[in-house]
Protein chains: 2
Amino acid sequence: MNKKQTYSIGELAREFDVTTRTIRFYEDQGLVSPARRGQTRVYSPADRVTLKLILRGKRLGFSLAESKELIGMYQPSGDNRHQLLALQNKIRQRRDQLEQQLRDIHALQQELDDAEQRCVDAMNDLEK
Amino acid sequence: MNKKQTYSIGELAREFDVTTRTIRFYEDQGLVSPARRGQTRVYSPADRVTLKLILRGKRLGFSLAESKELIGMYQPSGDNRHQLLALQNKIRQRRDQLEQQLRDIHALQQELDDAEQRCVDAMNDLEK
DNA sequence: GGGGAAGTTTACGTTAACGTAAAGCTGTAA
DNA sequence: TTACAGCTTTACGTTAACGTAAACTTCCCC
């Protein structure tokens, strides 16, 4: 009853709607390091999660380098105090950036509401 | 008591912390069209708002082309029904995209909370 | 009237994030 | 056994969003 689930590059590409080229590119950039069976790449559930994080980062406007940083945050390999402090600083920066994005999004949503309303009004005018 | 406020390209560049090259590039791409006094560009308050919208779009991960679309939404020059319907569809798409971003942000915030907590815990362990 | 400081155009350079093509191995279903 | 579906590497091409440099006007100040 062990979950020895693995994925091929094609499966993941289909699931996340990207090309295999893209996934290999992320590997080039050091964002994932799948196992190999011979030549062929074999992805673990953990690799899959990493891909998910990268793509979410993209949706949030992060560069691959930034996403790499973010993903690195989840395993503080920093075994000394200095590393941990640096890590906390980065986390704080991210949080500030996210807050700004939230403000931006709310403002934009408000404007879309207005724009849509104007749309509806204009169409109602055409009715008459 | 009329507000005949105008801005030079340098003023706007300083205010928004971008280069003048950037602002001229946006003009090249048809995102702003400042007036001219001779050769020199003269920006109106409306131009300034447009710039603001572009930069907010950037923070949200929109391309310049997308921001241009978004900005175009605010003045429905579409005087016929078909235009208005197309407009509403675009607005709906934007809204969906924003909702996704919101979900992404909340998830990321949660993870940052966890990561920070692990940081604090690890530092406390070092204290002992 | 000789510098700056700030504006202009023109044009080539750069980085990120892949796309696209070529050429080859590999299992398996007909 | 061949045919193709899916995997591999290598490598050049592409797009967006500017950077950077050169060469030039214009205004203002001392």
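If you're wondering where the values come from, they're calculated on a predicted model, not measured in any experiment. Just so it is clear: chains get the letters A, B, ... in the order the sequence lines come, proteins before strands, and each one is counted from 1. Keep in mind that the numbers below use all heavy atoms, side chains included, and drop hydrogens, waters and symmetry copies.
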May I ask you to verify if any side-chain N or O of B/R41 is less than 4.0 angstrom from the OP1 or OP2 atom of C/dG7? no
Want to settle it: does B/A65 or A/T40 sit nearer the 5' end of DNA chain D, counting the closest nucleotide to each? A/T40
Atom CD of A/E11 to atom P of D/dA5: distance rounded to whole Å? 18 Å
Closest approach to the side chain of B/L64, judged atom by atom: which nucleotide of D/dT8, C/dT9, D/dA17 is it? D/dA17
Please determine, for the side chain of B/T22, which listed nucleotide (C/dT9, D/dT8, D/dG19) has the closest atom? D/dG19
Taking the side chain of A/S63 as heavy atoms from C-beta outward, which of C/dT9, C/dA17, D/dC18 is closest to it? C/dA17
May I ask you to evaluate whether A/R14 reaches the phosphate of D/dG6, defined as a side-chain N or O under 4.0 Å from OP1 or OP2? no
Interatomic distance, B/E66 CD vs D/dT15 P [rounded to whole Å]: 17 Å
Atom CZ of B/R36: over 12 foreign heavy atoms under 6.0 Å: yes
Which of the following nucleotides, C/dT9, D/dG19, C/dG19, is nearest to the side chain of B/T19? D/dG19
Grab the CZ-P distance between B/R36 and D/dT26 for me, whole Å please. 14 Å
Within this structure, what is the CD1-to-C1' distance between A/I23 and C/dG19, rounded to whole angstrom? 15 Å
Heavy atoms only, 4.0 Å cut-off, all strands: where does A/R37 land among base, sugar-phosphate and nothing? nothing
What's the CZ-P distance between B/F25 and C/dA11, to the nearest Å? 17 Å
Rounding to a whole Å, what distance do you find between B/F16:CZ and D/dC18:P? 14 Å
Choosing from C/dC18, D/dT8, C/dT9, which nucleotide comes nearest the side chain of A/I9? D/dT8
Identify, between B/R21 and B/G10, the residue whose nearest nucleotide on DNA chain C lies closer to the 5' end. B/G10
What is the distance, to the nearest angstrom, from the CZ atom on A/R24 to the C1' atom on C/dT20? 13 Å
Is any side-chain nitrogen or oxygen of A/Y26 closer than 4.0 Å to OP1 or OP2 of C/dC18? yes
Does a side-chain N or O from A/K58 land closer than 4.0 Å to OP1 or OP2 of C/dA17, or not? no
When the distance from CD of A/Q39 to C1' of C/dA23 is rounded to whole Å, what number comes out? 14 Å
Using a heavy-atom cut-off of under 4.0 Å over every strand shown, decide if B/F62 touches base, sugar-phosphate, or nothing. nothing
Could you tell me whether B/T20 contacts a base, only the sugar-phosphate backbone, or nothing, with contacts defined as non-hydrogen atoms closer than 4.0 Å? nothing
Flag the pair B/E15 and B/K52 as a salt bridge only when some basic side-chain nitrogen lies within less than 4.0 angstrom of an acidic carboxylate oxygen. no
A side-chain contact here means heavy atoms from C-beta on lying under 4.5 Å apart; do B/R24 and B/Y26 qualify? no
If every non-hydrogen atom of A/V42 is compared with every non-hydrogen atom of A/P34, which pair is closest and at what distance? O-CB, 3.6 Å
Does a salt bridge link A/E11 with A/R48, judged by any charged N lying under 4.0 Å from a carboxylate O? no
salt_bridge(B/R41, B/D47) N-O dist < 4.0 Å: no
